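Please read the structure below before turning to the comments.
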Amino acid sequence: MKVPYGRQSIEREDIEAVVNVLTSDFLTQGPTVQKFEEEFAKAVGAKYAVAFCNATAALHVGFKVLNKDIKKKVLATPITFAASSNCVLFENGQVEFVDVDPKTFNIDLNKVEEILKKNPGAYQGIIPVDFAGLPVDTEELRKIADRYNLWIMEDACHAIGGGFYDSKNQFIKCGSGVYSELTVFSFHPVKHIATGEGGMVTTNDEKSYKHLLKLRSHGIERNAELFAEPSHGGWYHEMQELGYNYRMSDINAALGLSQLKRLSVNIENRQRIAQKYKEYLQGSPIKRQEYDEKKFLNGYHLFVIQIEKRKELYDFLKENDIYSQVHYLPVYKHPYYQQNGYADTKLAHAESFYSKALSLPMYHGMTDGELEHVLKTLKKYESR
Ligand SMILES: *Cc1c(COP(=O)(O)O)cnc(C)c1O
């Protein structure tokens, strides 16, 4: 029995949905992309959703839409996939990494405020990541951001289905845009919903929505009301700024739309698996993400533990055909970042986190047998 740390789950209805698109009039962006966007926006409680070819492209265009002044810095968490901060570097902007909270592994909001206090006016935005699926308290972050005139682009690639109760006791779904200008999701196969490759941005701001649409497709405008020049006729469209081809295809969207229907069972399964891990870890020296479980609903893309002898456990699991993974090396530790201005960055909690981090298997289609195998192997490891 081979157990990966994460994998997609494809069912017959997914295959049928994709096959149906193949015999339709549209292969690239068409009615299925639009339907996927509408259903996705509904699922997370946002006004608008824009689909992209992947979340990295979505982050890039998201940053372009929000960027106010490229000389002003963007705050980011180091415990994430590199794309979260790369999107700023694509535009030759500057990123400053902020240390993480040692309990939640999310960006430390107290540290964010300390940095802003020291140098107000030097920053323009922040890219928090809902790490492993645990939402950042964006209500608190919004207060800080408003004091220092920052935008928030929330990287929720781990956290579809997650959310938290705010101070008014309303449940804030990740992606609802109640406290963040833009929220970004990924449909890479290890994430909750697979489209092959794919990403989404959600927002409640109409102007940002239109700008995202335009940049996704070469910076070309087709709406006559928004032309800079008088129209030459029915064929006329104009390129108004430098954009990209970051479109999603209808083939990918059909898969996403079909997978989205199972989102709630997907989240329930992940909750159930997490519960088993938590029960197992009670009384074990192995640590996990700690947070107020009445306030936050963790979407559980990952189940991350902290263990002193991480490599030993990683190897032991592998010998037993369990393929755990490490998320993440602090982004600034990658050679590219080291060689480009981050050699002196040192964030104690992020580095300590990395030295002990391991992601245990967690995916929608995980069977009871697979979970049992992981739990038994952990027990075996701990009682050696
Ligand atoms: C997966 C992921 C991305 C990038 O997603 P792609 O769709 O593969 O481009 C960005 N940020 C985080 C936190 C991720 O986990």
Side-chain angles (χ1 to χ4, degrees), residues 4-8 33 36-37 40 49-64 74-90 95 97-98 100 104-107 125-136 138 152-162 174-175 180 182-202 212 215-216 244-249 252-253 255-256 259-260 270 289 298-304 325-332 334 336-337 350 353-354 357 359 362-363:
Y5 87 86
R7 64 163 303 176
Q8 73 274 19
V33 167
F36 184 34
E37 290 172 337
F40 193 90
V50 182
F52 286 87
C53 52
N54 55 60
T56 303
L59 284 160
H60 180 199
V61 165
F63 174 64
K64 276 184 85 92
V74 175
L75 296 172
T77 173
I79 298 303
T80 184
F81 183 60
S84 309
S85 52
N86 287 351
C87 65
V88 179
L89 305 192
F90 291 161
V95 174
F97 291 101
V98 184
V100 294
T104 63
F105 319 143
N106 274 337
I107 197 164
I126 181 163
I127 306 177
V129 174
D130 304 317
F131 178 69
L134 177 64
V136 167
T138 47
I152 300 172
M153 175 160 68
E154 185 177 350
D155 181 339
C157 287
H158 295 184
I160 186 173
C174 290
S180 307
L182 304 181
T183 309
V184 178
F185 295 91
S186 169
F187 310 121
H188 181 283
V190 295
K191 311 285 163 72
H192 297 68
I193 289 178
T195 61
E197 294 279 359
M200 193 76 84
V201 180
T202 60
L212 290 165
L215 287 173
R216 173 174 69 177
Y244 307 87
N245 178 353
Y246 280 173
R247 293 187 298 262
M248 178 183 273
S249 82
N252 301 79
L255 185 52
Q259 296 242 311
L260 184 61
R270 289 169 187 271
Q289 247 177 340
N298 194 328
Y300 282 120
H301 159 50
L302 303 170
F303 193 91
V304 178
Q325 196 31 285
V326 173
H327 302 92
Y328 292 96
L329 174 70
V331 173
Y332 61 83
H334 283 288
Y336 179 82
Y337 277 83
F353 166 81
Y354 168 67
S359 302
M362 165 67 81
Y363 46 93

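All figures in this text were calculated on a predicted structure; none of them were measured in a lab. In each ligand, atom 1 is the first atom listed, and ligand 1 is the first ligand listed.
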Close side-chain approach of Cys157 to Phe81, heavy-atom, < 4.5 Å:
no
Is the distance between the ring centroids of Phe187 and Phe40 less than 6.0 Å?
yes
Val304 side chain near Gln289 side chain, heavy-atom distance below 4.5 Å:
no
Identified side-chain contact (heavy atoms from CB on, under 4.5 Å) partner of Ile152 from the options Ile126, Leu182, Val136
Ile126
Would you mind reporting whether Ser85 and Ile127 have side-chain heavy atoms less than 4.5 Å apart?
no
Kindly print each ligand 1 N/O atom paired with any protein N/O atom under 3.5 angstrom away, one pair per line, or none if nothing qualifies.
unit_1: ligand 1; atom_1: 5 (O); unit_2: Ser186; atom_2: OG; d: 3.3
unit_1: ligand 1; atom_1: 7 (O); unit_2: Ala55; atom_2: N; d: 2.8
unit_1: ligand 1; atom_1: 7 (O); unit_2: Ser186; atom_2: OG; d: 2.8
unit_1: ligand 1; atom_1: 9 (O); unit_2: Ala55; atom_2: N; d: 3.3
unit_1: ligand 1; atom_1: 9 (O); unit_2: Thr56; atom_2: N; d: 2.9
unit_1: ligand 1; atom_1: 9 (O); unit_2: Thr56; atom_2: OG1; d: 2.5
unit_1: ligand 1; atom_1: 11 (N); unit_2: Asp155; atom_2: OD2; d: 2.8
unit_1: ligand 1; atom_1: 15 (O); unit_2: His158; atom_2: NE2; d: 2.8
unit_1: ligand 1; atom_1: 15 (O); unit_2: Lys191; atom_2: NZ; d: 2.9

Under 3.5 Å donor-acceptor pairs involving side-chain atoms of residues 49-62, not counting sequence neighbours:
unit_1: Asn54; atom_1: OD1; unit_2: Thr56; atom_2: N; d: 3.1
unit_1: Asn54; atom_1: OD1; unit_2: Ala57; atom_2: N; d: 2.7
unit_1: His60; atom_1: ND1; unit_2: Tyr246; atom_2: OH; d: 2.9
unit_1: His60; atom_1: NE2; unit_2: Glu91; atom_2: OE2; d: 2.6

